[in-house]
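The structure appears below as structure tokens.
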Protein chains: 2
Amino acid sequence: MRLTRAGEYGIRCVLHLARHGKGALVSRKEIAVRTDVPPHFLAKIAQQLSRAGIIEILQGANGGYRLLTDPSGITLLAVIEAIIGEISLNDCVGRPESCQNSTLCTVHRVWNKANQQLRATLQETNFATLASEEACCLTPFPETGDHKRPNGKK
Amino acid sequence: MRLTRAGEYGIRCVLHLARHGKGALVSRKEIAVRTDVPPHFLAKIAQQLSRAGIIEILQGANGGYRLLTDPSGITLLAVIEAIIGEISLNDCVGRPESCQNSTLCTVHRVWNKANQQLRATLQETNFATLASEEACCLTPFPETGDHKRPNGKK
DNA sequence: TCTATATAAGACTAAATATATCTTATATAT
DNA sequence: ATATATAAGATATATTTAGTCTTATATAGA
């Protein structure tokens, strides 16, 4: 498991849409600017959210994105997994062939427990709650628009 | 957070040592073969475990590694964080300057909660327990010794 | 129907990270 | 002294992630 930039951006996107409520159409450009996500990158993320049934994409002039369901029915888990796939903390790298019986492996049991807990926690949170509170990952106003990679670590 | 190969290898290494008990000296070569970890890579990992005070490294002829403390006092969390640093699910990428007040941000609160849970779960597990049970990540007998990257996904 | 505007989709580039190896140096038992 | 074992850092390679660019498609409105 790793919350990639794409996953983070997906959360921002849905959070922004959630503040407009279910069905409200918001242009990709507005979302991109307000959430500080590169427009083309946002397009990809939106496609994944669309395939997951979370948003609807409207093409053409005056197009944009909108939530298909009420924010209260959209969990943090659903959004994240729409982007990065099902969360799994333990990749069981190196020796997958011998890991079929992972119920026998004590190490994997721990990882699996942790994994379940993590997914449960993320599932408890919905975007109605998130949108009603403060978030530091949405800009109140347009930004400079530069998207050089920060070289922050980890 | 991501359990890298190095982290996985670190667990295997300590698990193998734990089966020999505190203070028992095991050569790097033996560990490398039995845990299927490239010897030079193991050396690096061992250095991190050593700096973390988990193992002691003995140089010279008949050298090797050994646990400094009883396996029951070594947690899964300690080993993992010795290798990959403190676990953090949320990198808060993109906008670290505005994330100082993460207590205000509802999204971060969720991540932080999940993060605490995860670390707690990994801390509950010690290597005496792990070593007493079956594990699928240790080979009973020496392997071929080839270390091509598996191209398994995710 | 034409034009402007908006997104779709995939190729492509660049950067960061992870993984593994190689070389030279150092320590220790015999 | 010598053989054996690990230390430490440089280097190479692969993979993944992040972001951009180009061409195609869809829609509203003149």
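All figures in this text were calculated on a predicted structure; none of them were measured in a lab. Chain A is the first sequence line, chain B the second, and so forth, proteins listed ahead of strands; every chain is numbered from 1.
- Considering only side-chain atoms of B:Arg5, the nucleotide from D:dT20, D:dA7, C:dT19 that sits closest is C:dT19.
- Counting only heavy atoms from C-beta on, A:Gln59 has its side chain closest to D:dT25 among D:dA7, D:dG19, D:dT25.
- Distance CD1 (A:Ile83) to C1' (D:dT17): 14 Å, rounded to an integer number of Å.
- Comparing atom distances between the A:Asn62 side chain and each of D:dT6, D:dA28, D:dA26 picks out D:dA28 as nearest.
- Between C:dA8 and A:Tyr65, a contact under 4.0 Å exists linking OP1 or OP2 to a side-chain N or O.
- B:Phe41 places its CZ atom 15 Å from the C1' atom of C:dC22, with the value rounded to the nearest Å.
- The distance from atom CG of A:Leu25 to atom P of C:dT5 is 17 Å, rounded to the nearest whole Å.
- Considering only the side chain of B:His40, C:dT23 comes nearest among C:dA18, C:dT23, D:dT6.
- Atom-to-atom, OH of A:Tyr9 to C1' of D:dA18 comes out at 8 Å; the value is rounded to the nearest Å.
- As rounded to whole Å, 11 Å separates atom P of D:dT6 from atom CD1 of B:Ile55.
- For D:dG19, its base sits under 3.5 Å from the side chain of A:Lys44 at one donor and acceptor pair at least.
- Looking only at distances, a side-chain donor or acceptor of B:Thr121 sits under 3.5 Å from a matching main-chain atom of B:Gln117.
- Rounded to whole Å, the distance from CD on B:Gln48 to P on C:dT19 is 12 Å.
- Closest to the B:Thr4 side chain, of the nucleotides C:dT19, C:dT7, D:dG19, is C:dT19.
- Side-chain N/O atoms of B:Gln47 include none lying less than 4.0 angstrom from OP1 or OP2 on D:dT6.
- Rounded to whole angstrom, the span from the CD1 atom of B:Ile45 across to the P atom of C:dT21 amounts to 12 Å.
- B:Ala6 comes within 4.0 angstrom of sugar-phosphate atoms only, judged by non-hydrogen atoms across all strands, and of no base.
- Here C:dA29 is the nucleotide among C:dA20, D:dT27, C:dA29 with the atom lying nearest to any side-chain atom of B:Ala61.
- Annotation: salt bridge (Lys or Arg N to Asp or Glu O under 4.0 Å) contacts of B:Arg28 (sequence neighbours excluded): none.
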